[in-house]
Amino acid sequence: MSPFHFDTLVWHWPIAFYLFFAGVSAGAMFFAVLLKHRCLQQDAWRSGFVQAACLVAPLTVMAGLGILVIDLTKPFHFWKILVFYNPTSVMSIGVMILMVYMVFMFAWIAMVFRQPIDDWCEQRFPVVLKVTGFLAKHEPSLTGLLVILSLALGAYTGFLLSALPGYPMLKNPVLPLLFLISGLSSGAAASLLGGVLLKGNPDGKEVHFIHKIEIPLILVEIAVIFTFFVGLVLTGGQSKVAAFNAIGEGFWGWVFWLGILGCGLSIPLAMNLFMTATAKRKWSYVAATATLSLLGVILLRHFILYTGQMTIA
């Protein structure tokens with residue numbers, strides 16, 4: 001049996017990238033909010049890491065939606081999923097969360113970059129100043145709702161897979177939590193990588209702040225992965241079969257042990273701990289750690305999607 005082609009396969013790699021991009025966007029926005037309110041305050045817009053997060057978040061969520069539209073059976077009818085909502089459909093609820101999330105995301109980005117926006121629009125489009133002033137006035141509410149929506153979007157990527165009937169591995173209740181945590185981790189990594197590429201200081205306070213959160217986040221992700229598979233094994237039956245099929249011998253077993261646990265989690269954790277112990281962080285270390293973390297999350301999305309469909313109830 002091919003690891004990418006088998007009889008029970010319904011969703012393939014475009015869905016994995018859709019789930020990845022949605023998680024990155026949610027995580028990038030979450031960390032942008034934390035950087036502004038817990039680290040940088042009013043000068044947040046000047047930080048290369050906040051700028052990177054505010055670029056990554058809209059680009060990835062729009063890329064994810066683009067992939068979803070292209071993968072539809074009738075892509076030219078995509079507007080229907082944006083207009084007609086079914087409250088009993090996980091896909092429909094997810095699209096609704098995405099739409100509302102994007103509204104608050106762009107509003108928050110405009111609020112954070114109010115100063116350069118106002119400077120540019122003051123003589124050209126003075127009405128924009130009223131809009132940014134209104135957004136700044138309601139900053140606490142906008143920020144709180146954006147955090148809730150970003151967390152909901154990150155968890156939704158796990159709930160979406162549970163919509164596939166008959167696959168015991170995808171019905172695991174830990175899956176939404178796993179996808180939420182890995183999405184936050186990928187958002188942090190994307191913000192770090194984008195920040196150093198935008199000439200941000202690799203030893204700046206933003207990097208130190210993110211790494212303080214990223215280290216326990218990686219440890220929690222490892223614990224959740226362990227819980228995910230222990231739950232499958234203890235459930236028994238086809239759930240146990242699905243677990244051993246996923247992490248046993250074969251292509252996806254190697255992806256799990258070397259790609260996800262090794263390159264995606266253990267090495268970034270070790271490098272983060274090393275950078276924390278040393279006096280100075282270097283560009284190469286920050287970029288390499290972030291790249292490996294992103295690779296690990298991409299592999300995790302593909303691993304869960306494909307191995308989850310290999311075993312049916």
Side-chain angles (χ1 to χ4, degrees), residues 20-63 101-102 104-117 139 142-143 146-147 149-151 153-154 180-218 221 264 268-269 271-276 278-298:
F20 169 72
F21 285 134
V24 170
S25 179
M29 270 293 94
F30 181 82
F31 275 94
V33 170
L34 287 182
L35 284 173
K36 181 183 188 298
H37 292 279
R38 297 294 182 185
C39 184
L40 302 170
Q41 302 301 326
Q42 297 304 316
D43 288 332
W45 67 274
R46 299 181 185 275
S47 167
F49 298 95
V50 173
Q51 293 170 11
C54 291
L55 281 173
V56 166
L59 289 176
T60 51
V61 76
M62 287 188 289
Y101 162 79
M102 289 177 69
F104 281 90
M105 174 187 67
F106 284 117
W108 190 84
I109 291 173
M111 181 180 61
V112 170
F113 290 88
R114 179 186 180 187
Q115 182 176 329
I117 290 173
E139 179 178 0
L142 282 172
T143 302
L146 178 61
V147 169
L149 288 166
S150 64
L151 294 175
L153 179 60
L180 170 60
I181 294 173
S182 62
L184 294 177
S185 179
S186 66
S191 300
L192 287 171
L193 181 59
V196 294
L197 291 175
L198 290 175
K199 308 301 182 183
N201 180 7
D203 196 41
K205 57 183 178 180
E206 302 99 313
V207 178
H208 286 259
F209 177 81
I210 291 177
H211 279 169
K212 282 183 180 179
I213 301 173
E214 196 176 21
I215 290 173
L217 201 61
I218 293 174
E221 187 175 350
L269 177 62
M271 294 177 74
N272 275 326
L273 291 172
F274 174 77
M275 285 187 285
T276 301
T278 57
K280 187 176 178 63
R281 287 165 168 80
K282 297 182 179 179
W283 186 97
S284 57
Y285 270 84
V286 174
T289 304
T291 301
L292 287 173
S293 294
L294 286 171
L295 175 62
V297 177
I298 292 174

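Note that these values count all heavy atoms, side chains included, but never hydrogens, waters or copies made by symmetry.
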With side chains defined as the heavy atoms from C-beta onward, is the minimum distance between Phe21 and Val61 less than 4.5 Å?
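A side-chain contact under 4.5 Å is absent here.
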
Using the rule given for side chain to side chain contact (heavy atoms under 4.5 Å, CB included), can you reason through Thr289 versus Asn272, listing the C-alpha separation, both sets of side-chain angles and the distance that settles it, and then say yes or no?
CA-CA 7 Å; Thr289 304; Asn272 275 326; 3.8 Å; yes

Angle class for the His37/Trp108 ring planes (parallel below 30°, perpendicular above 60°, tilted otherwise)?
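Correct class here is tilted.
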
Arg46/Gln115 under side chain to side chain contact (heavy atoms under 4.5 Å, CB included): CA gap, chis, key distance, verdict:
CA-CA 10 Å; Arg46 299 181 185 275; Gln115 182 176 329; 3.7 Å; yes

Can you name the residues that form a side-chain contact (heavy atoms from CB on, under 4.5 Å) with Leu197, not counting sequence neighbours?
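Partners of Leu197 under the side-chain contact (heavy atoms from CB on, under 4.5 Å) test: Leu193, Trp283.
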
Given 3.5 Å as the limit, does a donor-acceptor pair link the side chain of Ser47 with the main chain of Ala44, or not?
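Answer holds: no.
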
By side-chain hydrogen bond (donor to acceptor under 3.5 Å, both in side chains), which residues pair with Glu221, not counting sequence neighbours?
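Applying side-chain hydrogen bond (donor to acceptor under 3.5 Å, both in side chains) to Glu221 gives none.
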
Provide the closest heavy-atom pair for Ser293 versus Glu214 in the form atom of the first, atom of the second, distance.
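Residues Ser293 and Glu214, closest heavy atoms: OG-OE2, 4.0 Å.
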
Within this structure, what is the SG-CD1 distance for the pair Cys54 and Ile109, rounded to the nearest 0.5 Å?
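One gets 4.5 Å once the value is rounded to the nearest 0.5 Å.
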
Check the pair Trp45, Val50 against side chain to side chain contact (heavy atoms under 4.5 Å, CB included), reporting the backbone distance first and the verdict last.
CA-CA 6 Å; Trp45 67 274; Val50 173; 5.8 Å; no

Rounded distance [0.5 Å steps], CD1 in Ile181 versus CG in Leu217:
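Between Ile181 CD1 and Leu217 CG, I get 6.5 Å after rounding to 0.5 Å.
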
Excluding sequence neighbours, so at least two apart, what forms side-chain contact (heavy atoms from CB on, under 4.5 Å) with Ala57?
Ser25, Ala28, Met29, Tyr101, Met105

If you take all heavy atoms of Ile117 and Ala110, which pair is closest and at what distance?
CD1-O, 3.7 Å

Show the nearest heavy-atom pair for residues Phe20 and Val297, with the distance to one decimal.
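Reported closest heavy-atom pair: CD1-CG1, 3.8 Å.
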
For the student: nearest non-hydrogen atoms of Leu153 and Ala22, plus distance:
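For Leu153 versus Ala22, the nearest heavy atoms are CD2-O, 3.8 Å.
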
Do Leu192 and Phe31 touch side chain to side chain, with heavy atoms closer than 4.5 Å?
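Not touching, per the 4.5 Å side-chain cut-off.
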
Are Glu206 and Lys36 close enough for a salt bridge, meaning some N to O gap below 4.0 Å?
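Looking at Glu206 and Lys36, the cut-off is not met.
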
Going through the checks in order, is the side chain to side chain contact (heavy atoms under 4.5 Å, CB included) test met by Met271 and Val286?
CA-CA 9 Å; Met271 294 177 74; Val286 174; over 6 Å; no

Is the shortest side-chain heavy-atom distance between Lys205 and Cys39 below 4.5 Å?
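Side-chain contact under 4.5 Å: yes.
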
Shortest non-hydrogen contact from Gly195 toward Ala52:
N-CB, 3.4 Å

Could you tell me if the ring centre of Phe274 sits under 6.0 Å from that of Tyr285?
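Close enough - the centres of the two rings lie under 6.0 Å apart.
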
Would you indicate whether the side-chain heavy atoms of Leu34 and Phe209 approach each other to under 4.5 Å?
yes

Are the side chains of Glu139 and Leu142 in contact, using a 4.5 Å heavy-atom criterion?
no

Of all heavy-atom pairs linking Ile210 and Ala188, the shortest is CG2-CB, 3.9 Å

Just by distance, do the side chain of Asp203 and the backbone of Arg281 share a donor-acceptor pair under 3.5 Å?
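It does hold such a pair.
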
Can you tell me how far apart OG (Ser191) and CG (Leu55) are? Round to the nearest 0.5 Å.
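Output value for this atom pair is 10.0 Å.
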
